[in-house]
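Proteins come first, then strands; the chains are lettered A, B, ... in the order of their sequence lines, and each starts at number 1.
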Protein chains: 2
Amino acid sequence: MTDYRAQCWAEMPALITAVQAAGDRIGLPYVAAQADLGDPEPMSDADGKPYAETSFHWVDPDHAYWRDRKLALHIAFLTAARLVAEPFFYSDGRLRTWRPTQLLEAVDCEQAKNTPNFGEAIIAPVHLPRGLVGAVFWCSREPVGVESLFERHAGDLHNLALKLVATHNEARGRPRNATVPQTLTRREVQCLRWAAAGKTDGEIGIILSLSVSTVRFHLRNAAAKLGATGRAQSIQIAAGLGFVGARAA
Amino acid sequence: MTDYRAQCWAEMPALITAVQAAGDRIGLPYVAAQADLGDPEPMSDADGKPYAETSFHWVDPDHAYWRDRKLALHIAFLTAARLVAEPFFYSDGRLRTWRPTQLLEAVDCEQAKNTPNFGEAIIAPVHLPRGLVGAVFWCSREPVGVESLFERHAGDLHNLALKLVATHNEARGRPRNATVPQTLTRREVQCLRWAAAGKTDGEIGIILSLSVSTVRFHLRNAAAKLGATGRAQSIQIAAGLGFVGARAA
DNA sequence: CCTTATCCTGACACAGGTGTCAGCTTGTCT
DNA sequence: AGACAAGCTGACACCTGTGTCAGGATAAGG
């Protein structure tokens, strides 16, 4: 384990304590954290013990929520955490944030509504480079006026969540390819973006007035620079680092 | 333009003003913002006018930085903004954040060091779902003790940057496929994750003890649910929503 | 002048992915 | 019992991507 990772592990106890203490302070004392929504296991310490067991309080302490695939935590809140990056809150059977957001309102909260002993929640999603997504959830058993709590505390909670999730992932050495890639040329980026839009090499050639061989040449170079094996990984890594962006090239 | 997008555009003036005012207040009054690092154009208003021209102050007001590919903004800071999600600062020729971070220290700042009239900076990267990456930069011409400014203000600056970049992208209707996808089944996610790790359908079949046809079946279903055209897009979208995560399936 | 980087292009064999068609079993819920 | 979802498997034609080989032109910097 490198020094950097050891230092990150050393930061974890204070961060975990701060996250639970923040929940206690504002009236949402039931806390859960996921470092990686692609991994169903909960956030754990260096010895593999889940913080859910050692440090966080949960709505139902005897209920290992991460083993229950039907708990609200697994559906609406997780779905929403994948789709937005800004903190949001749950009350009155729906998800909202500081401004009207179409996506959050489209998330089906039926299951959360039907969960007994569950009041309100503030959720801070954490989107990291290379497609890593985590989240922290502060919850209550009864309604506590979460909307005003959200207005006053969401920013700080989000900052805490970002530090916690980013530090934990770095402590675990995730993602493994977290290196500074070589600079991509203008053509490499162009070809990657059209490939990300689903175009074949032939189609890209037509679009950019290049031969298929030239397009392949640039895509292969880009793949080598990004440390990718194949077209799909090139695109995934490039997208995860923001090279692809929102619009087709 | 839908109501949601109109509401987002309506939020923009106050957010832009807040971002510039925050920089003015703490002594880093030269501000730049990118909503999408995959798009070289700067953040603009609903009429297409760059905020860099109408609202933000820059180190060299006559110098359209977004047209200069060699400016510090294009290299070290942008590279770093792609690689980390936590705010960071530039001083003494290097990038640092609130804790030692290997990645930031590996970013080559030679060009920033050699940029005349450039002092220190705080950078707030913004990583959004589906691979959208933006950033806000607060800069000075001379050193201003940015390390202590960072300690006191980074959290608030980051929250401002997140609101600004997320709202601006939503105002523009980016990304176009920002919808709630259908729920993926356990096998669909498993197959996607191995495919994201670069495995062929045959290799995935061996790993999961399934036939090639079954693997293809699950990947095709997943592609349809995600609205993807082809394997590469399936993987990109799944990764951008955190389904792939940090470790090979 | 030389080196390097970037961009460009072609050929060919082979592996992998796509599209479309067909079928089946098991478990859960009404 | 029936409907539905999830999971499973095969065949075949065809397109696309990969890997490896070859070559060239232009611009910038030392």
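- The side chain of B/R186 has D/dG7 as its nearest neighbour among D/dT9, D/dG7, D/dT18.
- Looking at heavy-atom distances under 4.0 Å, A/G202 makes no contact with the nucleic acid at all.
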ask   = Run the side-chain contact (heavy atoms from CB on, under 4.5 Å) check on B/L95 and B/V84 step by step: do they pass?
value = CA-CA 11 Å; B/L95 300 172; B/V84 301; over 6 Å; no

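- In this structure, B/W194 atom CH2 and C/dG16 atom P are separated by 17 Å, rounded to whole Å.
- In this structure, A/Q233 places its CD atom 11 Å from P of D/dT18, rounding to the nearest Å.
- The neighbour count for B/R141 CZ, taken as heavy atoms of other residues, nucleotides or ligands under 6.0 Å away, is above 12.
- In this structure, of D/dG17, C/dC7, C/dG17, it is D/dG17 that holds the atom nearest to the side chain of A/D201.
- Per the geometry, CZ belonging to B/R231 stands 11 Å off C1' belonging to C/dT18, to the nearest Å.
- Within residues 220-227 of chain A, no residue is approached by DNA chain C to less than 4.0 Å at the level of any non-hydrogen atom.
- Between D/dC8 and B/R187, a contact under 4.0 Å exists linking OP1 or OP2 to a side-chain N or O.
- In the set D/dG7, D/dG17, C/dT18, D/dG7 carries the atom at the smallest distance from any side-chain atom of B/T185.
- The salt bridge (Lys or Arg N to Asp or Glu O under 4.0 Å) test with A/E188 is passed by exactly one of A/R220, A/K225, A/R216: A/K225.
- When ring centroids are compared, B/F118 and B/F137 stay outside the 6.0 Å threshold.
- Of the options A/T214, A/I207, A/V212, a side-chain contact (heavy atoms from CB on, under 4.5 Å) to A/L210 is made by A/T214 and by none of the others.
- Nearest nucleotide to the side chain of A/H218, out of C/dG17, D/dC8, C/dC8: C/dC8.
- When the C1' atom of D/dG7 is taken as reference, atom CD1 of B/I204 falls 16 Å away, rounded to whole Å.
- Within 4.0 Å of A/L210, counting heavy atoms only, lie sugar-phosphate atoms of the nucleic acid but no base atom.
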query = Taking it one step at a time, do A/T101 and B/Y4 satisfy side-chain contact (heavy atoms from CB on, under 4.5 Å)?
reply = CA-CA 7 Å; A/T101 306; B/Y4 288 99; 5.7 Å; no

side-chain contact (heavy atoms from CB on, under 4.5 Å) evaluation trace for B/Q190 with B/T185 = CA-CA 9 Å; B/Q190 270 187 321; B/T185 67; over 6 Å; no

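- Between the CZ atom of A/F217 and the C1' atom of D/dG19 there is a distance of 15 Å, given to the nearest Å.
- B/L219 has its CG atom 10 Å from the C1' atom of C/dG17, to the nearest Å.
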Can you give me the N/O atom pairs linking the protein to nucleotides 10-15 of chain C at distances under 3.5 Å, or say none if there are none?
| from | atom 1 | to | atom 2 | distance (Å) |
| --- | --- | --- | --- | --- |
| C/dG10 | OP2 | A/S211 | OG | 3.4 |
| C/dG10 | N7 | A/S213 | OG | 3.1 |

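- The backbone N or O of A/Q102 lies less than 3.5 Å from no partner atom in the side chain of A/E105, so there is not a single donor-acceptor pair.
- The CD1-P distance, from A/I235 to D/dT16, rounds to 15 Å in whole Å.
- Both A/E203 and A/T229 sit near DNA chain D, but only A/E203 has its closest nucleotide nearer the 5' end.
- The distance from atom CD of B/Q182 to atom P of D/dA5 is 11 Å, rounded to the nearest whole Å.
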